[in-house]
Amino acid sequence: MPSIALPPGQPFSLDQTLGCGQVFRWERSPDGTWLGIVDNHVIRIRQEGTRLRFRGAPEEFIRRYFSLDIDLLPLLSSIDNDPVIHRAIGQCNGLRLVRQLPWECTVSYICSTNSNIPTIRRRIGLLAERFGTRIQSGGQTFFTFPEPSCISCKGHEGLTICKLGYRQPYVYGTSCTVTDVRSWEKKIRRLPYEDARKELMKLQGVGPKAADCILLFAFQKYDAFPVDVWIRRILKEQYLPDLPTDAPLTTREYDRIRKFAKEQFGEYCGWAQEYLYAARIL
DNA sequence: GACCAGGAAGAGT
DNA sequence: ACTCTTCATGGT
């Protein structure tokens with residue numbers, strides 16, 4: 001089994017990284033081995049101290065997916081600007097943002113609205129089972145995440161068994177809009193954060209929160225700061241006590257929070273968001 | 001059964 | 001440009 005030696009001074013925690021809620025198609029077995037489907041790879045990976053043992057994809061793919069090329073300590077010290085984020089960083093030692101595939105990430109966060117993580121995971125799994133390509137690995141069957149044309153091929157009723165609820169027409173509509181994933185991806189990647197955000201929000205089912213998640217998790221726009229109910233709660237408790245409690249989050253409040261986060265944490269505020277989110281339960 | 005979950009669209013104003 | 005309502009599903 002191939003392995004990667006993590007260099008000293010380059011913190012990485014597989015459990016923090018895959019367990020923090022940024023990805024939906026990874027599962028941890030009791031012995032600590034994670035199994036995930038990324039693109040057309042069925043990856044099995046475990047961490048033994050400062051060594052990663054893996055199967056199912058080339059080493060370079062693993063390094064890139066887990067952002068092992070990023071020098072984490074300077075990045076963290078750039079956001080480590082107050083006691084609250086300091087504690088979150090301490091609690092989530094070795095958490096890294098991964099580089100998700102844009103199309104899968106987009107559909108995932110369309111499916112995420114007003115839902116909890118287990119439900120989102122189930123929807124993504126159903127989409128793959130229904131429309132993805134079969135992969136055999138280790139005597140088991142898995143499915144890739146489907147291309148847009150595969151999702152839309154049977155009309156929007158074909159999606160019903162995936163139990164997307166009111167998100168079904170959004171996934172269908174967006175699949176019809178993004179016919180050419182490669183050029184779509186290239187177009188978004190080329191744009192700076194604010195422009196890319198506007199472009200993504202043209203897609204059905206993609207609002208401010210989903211757009212920010214897609215930009216942060218799939219396009220490495222690290223100045224994106226997704227605001228969900230948890231982040232809003234944390235910011236109200238720890239930073240902005242005058243935020244309204246339970247009224248629906250308006251565009252103006254969302255933008256105020258984004259602006260605050262950028263000023264408080266800097267150009268890597270998206271990483272701060274993920275540390276705060278991951279530490280929310282602790 | 002009420003309430004919540006990594007919100008967004010559409011109508012009405 | 002703001003406010004209000006509705007949306008489908010599963011877990012607690």
Side-chain angles (χ1 to χ4, degrees), chain A residues 16-26 88 92 95-98 100-102 104-127 129-130 156-178 197-219 221-222 224-238 243-258 261 269-282:
Chain A
Q16 292 286 354
T17 299
L18 294 178
C20 72
Q22 61 176 323
V23 287
F24 302 109
R25 298 196 77 199
W26 284 91
C92 305
L95 169 61
R96 284 172 189 257
L97 295 180
V98 304
Q100 296 189 35
L101 278 92
E104 177 179 338
C105 186
T106 299
V107 177
S108 297
Y109 282 93
I110 290 174
C111 291
S112 79
T113 68
N114 210 15
S115 303
N116 51 39
I117 290 177
T119 306
I120 302 162
R121 296 171 61 92
R122 200 172 43 77
R123 291 185 185 129
I124 305 304
L126 287 169
L127 278 168
E129 240 174 84
R130 174 92 161 101
H156 90 272
E157 291 91 352
L159 281 164
T160 304
I161 61 170
C162 301
K163 303 194 177 286
L164 308 182
Y166 65 86
R167 306 155 196 87
Q168 174 173 326
Y170 304 156
V171 171
Y172 179 75
T174 293
S175 296
C176 295
T177 304
V178 183
R197 190 172 191 264
K198 281 177 197 148
E199 196 60 34
L200 283 176
M201 286 173 62
K202 292 179 185 169
L203 297 172
Q204 293 180 55
V206 179
K209 155 68 169 57
D212 281 333
C213 284
I214 297 161
L215 292 169
L216 181 61
F217 299 140
F219 289 100
K221 307 289 190 194
Y222 294 142
F225 191 87
V227 182
D228 58 33
V229 292
W230 294 100
I231 288 296
R232 180 192 185 189
R233 213 167 280 159
I234 294 165
L235 264 81
K236 179 180 171 55
E237 285 170 8
Q238 306 293 341
L243 275 179
T245 331
D246 263 338
L249 187 64
T250 65
T251 306
R252 199 179 33 251
E253 284 157 351
Y254 193 110
D255 288 343
R256 180 186 164 207
I257 295 174
R258 277 204 295 158
C269 57
W271 287 72
Q273 191 273 3
E274 205 53 19
Y275 274 82
L276 292 172
Y277 181 78
R280 74 193 183 281
I281 327 162
L282 306 175

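These numbers were taken from a predicted model, which means no experiment stands behind them. Order of the sequence lines fixes the chain letters, A, B, ..., with proteins taken first and strands second; residue numbering starts at 1 for each chain.
Taking atom CD1 of residue A:I110 and atom C1' of nucleotide B:dG7, one finds them 12 Å apart after rounding to whole Å. Taking atom CG of residue A:D228 and atom P of nucleotide B:dA5, one finds them 9 Å apart after rounding to whole Å. When rounded to the nearest whole Å, the span between CG of A:N114 and P of B:dG10 equals 16 Å. Between the NZ atom of A:K202 and the C1' atom of B:dA9 there is a distance of 18 Å, given to the nearest Å. Atom OH in A:Y254 sits roughly 19 Å away from atom C1' in C:dC2 (whole-Å rounding). Distance CD1 (A:I124) to C1' (B:dA5): 15 Å, rounded to an integer number of Å. Rounded to whole angstrom, the span from the CG atom of A:L200 across to the C1' atom of B:dA8 amounts to 15 Å. Look at CD1 on A:I231: it is 13 Å from P on B:dA5, rounded to the nearest Å.
Residue-level contact check: A:S115 touches the bases, meaning some heavy atom is under 4.0 Å from a base atom. If you check every strand for non-hydrogen atoms under 4.0 Å, A:E253 touches nothing. When heavy atoms are screened at a 4.0 angstrom cut-off, A:Q22 is found touching base atoms of the nucleic acid. Within 4.0 Å of A:L126, counting heavy atoms only, lies no atom of the nucleic acid at all. Across all strands shown, A:R233 has heavy atoms under 4.0 Å from sugar-phosphate atoms exclusively, and none from any base. Within the nucleic acid shown, A:R252 comes within 4.0 Å of sugar-phosphate atoms alone, with no base atom in reach, counting heavy atoms only. Using a 4.0 Å heavy-atom criterion, one finds that A:V206 contacts the sugar-phosphate atoms exclusively. Among the protein residues, A:P208 comes within range of the sugar-phosphate backbone only, with heavy atoms under 4.0 Å from sugar or phosphate atoms but none that close to a base.
B:dC3 and C:dT5 have their P atoms separated by 16 Å, given to the nearest Å. When the P atom is compared between C:dT6 and B:dA2, the two are found 16 Å apart, to the nearest whole Å. For the P atom pair drawn from C:dA8 and B:dA11, the interatomic distance equals 16 Å after rounding to whole Å.
Nearest to the side-chain atoms of A:K163 among the listed nucleotides C:dG11, B:dA8, C:dT9 stands C:dT9. When each of B:dG7, C:dG10, C:dT3 is scored by its nearest atom to the side-chain atoms of A:T250, the top-ranked nucleotide is C:dT3. Comparing B:dA8, C:dA8, B:dA5 by their closest approach to the side chain of A:A210 singles out B:dA8. Looking at the side chain of A:K209, the nearest of the listed nucleotides C:dG10, C:dC7, B:dA8 is B:dA8. Closest contact between the side chain of A:R123 and the listed nucleotides B:dA8, C:dT9, B:dG7 involves C:dT9.
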Check: Between A:S112 and A:D228, does a side chain to side chain contact (heavy atoms under 4.5 Å, CB included) hold up when you go through it step by step?
Finding: CA-CA 11 Å; A:S112 79; A:D228 58 33; over 6 Å; no
Note to self: Go through it in stages, so that I can follow the logic: the residues are A:V98 and A:T17, the test is side chain to side chain contact (heavy atoms under 4.5 Å, CB included), and I'd like the CA-CA distance, side-chain angles, deciding distance and then a yes or no.
What the structure shows: CA-CA 8 Å; A:V98 304; A:T17 299; 3.5 Å; yes
Check: Given the rule in the salt bridge (Lys or Arg N to Asp or Glu O under 4.0 Å) test, do A:D255 and A:R258 qualify, once you have shown the distances and angles that lead to the verdict?
Finding: CA-CA 5 Å; A:D255 288 343; A:R258 277 204 295 158; 2.9 Å; yes
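Of all the heavy atoms in A:P169 and A:Q204, the pair that sits closest is O-OE1, 3.8 Å. Nearest heavy-atom pair, A:C162 versus A:R130, reported as atom, atom and distance to 0.1 Å: SG-CB, 4.2 Å. When all heavy atoms are compared, the tightest approach of A:T113 to A:R167 is O-NH2, 2.9 Å. Here the closest heavy-atom approach between residue A:G205 and residue A:A210 is recorded as O-CB, 4.5 Å.
Side-chain atoms of A:Y170 and base atoms of B:dG7 include no donor and acceptor less than 3.5 Å apart.
Taking for each of A:C213 and A:G205 the nucleotide of DNA chain B with the nearest heavy atom, the 5'-most of the two is the partner of A:C213.
Distances shown here put every side-chain N or O of A:R122 at or beyond 4.0 Å from the OP1 or OP2 atom of B:dA5.
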